[in-house]
Amino acid sequence: MSSRDRILALLRSHPDCWLSGEKISAELHLSRAAIWKQMSALRSLGVAIEARHAKGYRLLEPPDLLFDRDIVSGLDCQIVGRSLQILQAVDSTNLQLKRQAEAGAEEGTVLVADQQLAGRGRLGRQWASPAGVNLYCSVLLRPLIPVQQAPQLTFLSAVAVVDVLEEVGHIRAEVKWPNDILVGGAKIAGLLNEMSAETEQINYVVLGLGVNLNMTTEQFPAKLNYPATSVLLETGRPVVRRIFLRALLERLDCYYAEFLRRGFAPIRQRWEQLCPIINRQVTVDSGPIGTVVGLEVDGALRLQCASGAIERIVAGDVRLVN
Ligand code: BTN
């Protein structure tokens, strides 16, 4: 255990008690300077530690830390989360994990950051990633499936996020094709899945998941061109990020195992249950009008036109007609 983890564990085992620097130093065999340095690091990560002259330090509340060892111990996962890295800050978890994938990182490697300095969204957009509030997570997979089927993994991550929003956040979300998660029409999570492939073979897919957990209104960028929300804004209750992360890794692992065993069908079925425009009339970028009848194996939307013909929608903004 790192000295930071040991200090935190000691403070936790004495809730609401003052622990002098001398006592901590004696128990953990650390110098006073090392203790001071680690206390400052913990406080800068948002841990509420009070420090008083002649009294020492005390923990004021259970912290919402990501780097805590509790996340990995007893994690019920076969593939996703085999290797887990939690960083304080990174440019983008997707970018960092893609670098590691190029260097040969194993399938199931997960990278999480407390903060992203250049969080990326779809279509070159930015993804607001302030420290200490949300989940920014990337997962490396190396599935032996045809390249055209890689988009199926986007739907896999979508259903996992919706399930965990319900289980841990007590919030009912829905999916918006192709890769948004909405609550009451406002975006609560986004997915950015990136692939490297040869003609016939996938080298790797990085699933990027951004979930707005405890973000407040002021923390959203002033100029967002879509409505956005967080679990805190929806329910008034904060979510402990490491609990959300654990549940999400377990759910992703479970869906991935099922995907490798049984293919896309169970995920497609779950996604269609969560998609409010199934069997509704829509228009795509003011183009074709039709009834949404489901997903194709490559993730395209199936639209049944008035003539009965099925059109494949591969991109575009889909809106309800009425
Ligand atoms: C979108 O809806 O535009 C996709 C947003 C994806 C954000 C996540 S946060 C973790 C991962 N790292 C990134 O830089 N982006 C994704």
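Atoms considered below: every heavy atom in the structure, side chains included; atoms not considered: hydrogens, waters and symmetry mates. Atoms within each ligand, like the ligands themselves, are counted from 1 in listed order.
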For each nitrogen or oxygen atom of ligand 1, which protein N/O atoms lie closer than 3.5 Å, and how far apart are they, rounded to 0.1 Å?
residue	atom	partner	partner atom	Å
ligand 1	2 (O)	Lys187	NZ	2.5
ligand 1	3 (O)	Arg122	N	2.7
ligand 1	12 (N)	Thr93	OG1	3.0
ligand 1	12 (N)	Gln116	OE1	2.9
ligand 1	14 (O)	Ser92	OG	2.8
ligand 1	14 (O)	Gln116	OE1	3.3
ligand 1	14 (O)	Arg120	N	2.8
ligand 1	15 (N)	Arg120	O	2.7

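Under the 3.5 Å distance criterion, with hydrogens and angles disregarded, no donor-acceptor pair is assigned to the side chains of Glu22 and Ser20. Neither side chain, Gln85 nor Gln96, offers a donor N or O lying under 3.5 Å from an acceptor on the other. Asp180 and Tyr226 share no donor-acceptor pair across their side chains, judged by distance under 3.5 Å alone.
Phe155 contributes atom CZ, which lies 8.0 Å from atom CG of Asn179 (distance to the nearest 0.5 angstrom).
The shortest side-chain heavy-atom distance between Trp127 and Leu192 does not fall under the 4.5 Å cut-off.
Salt bridge present: Glu194 and Arg120 bring a charged side-chain N and a carboxylate O closer than 4.0 Å.
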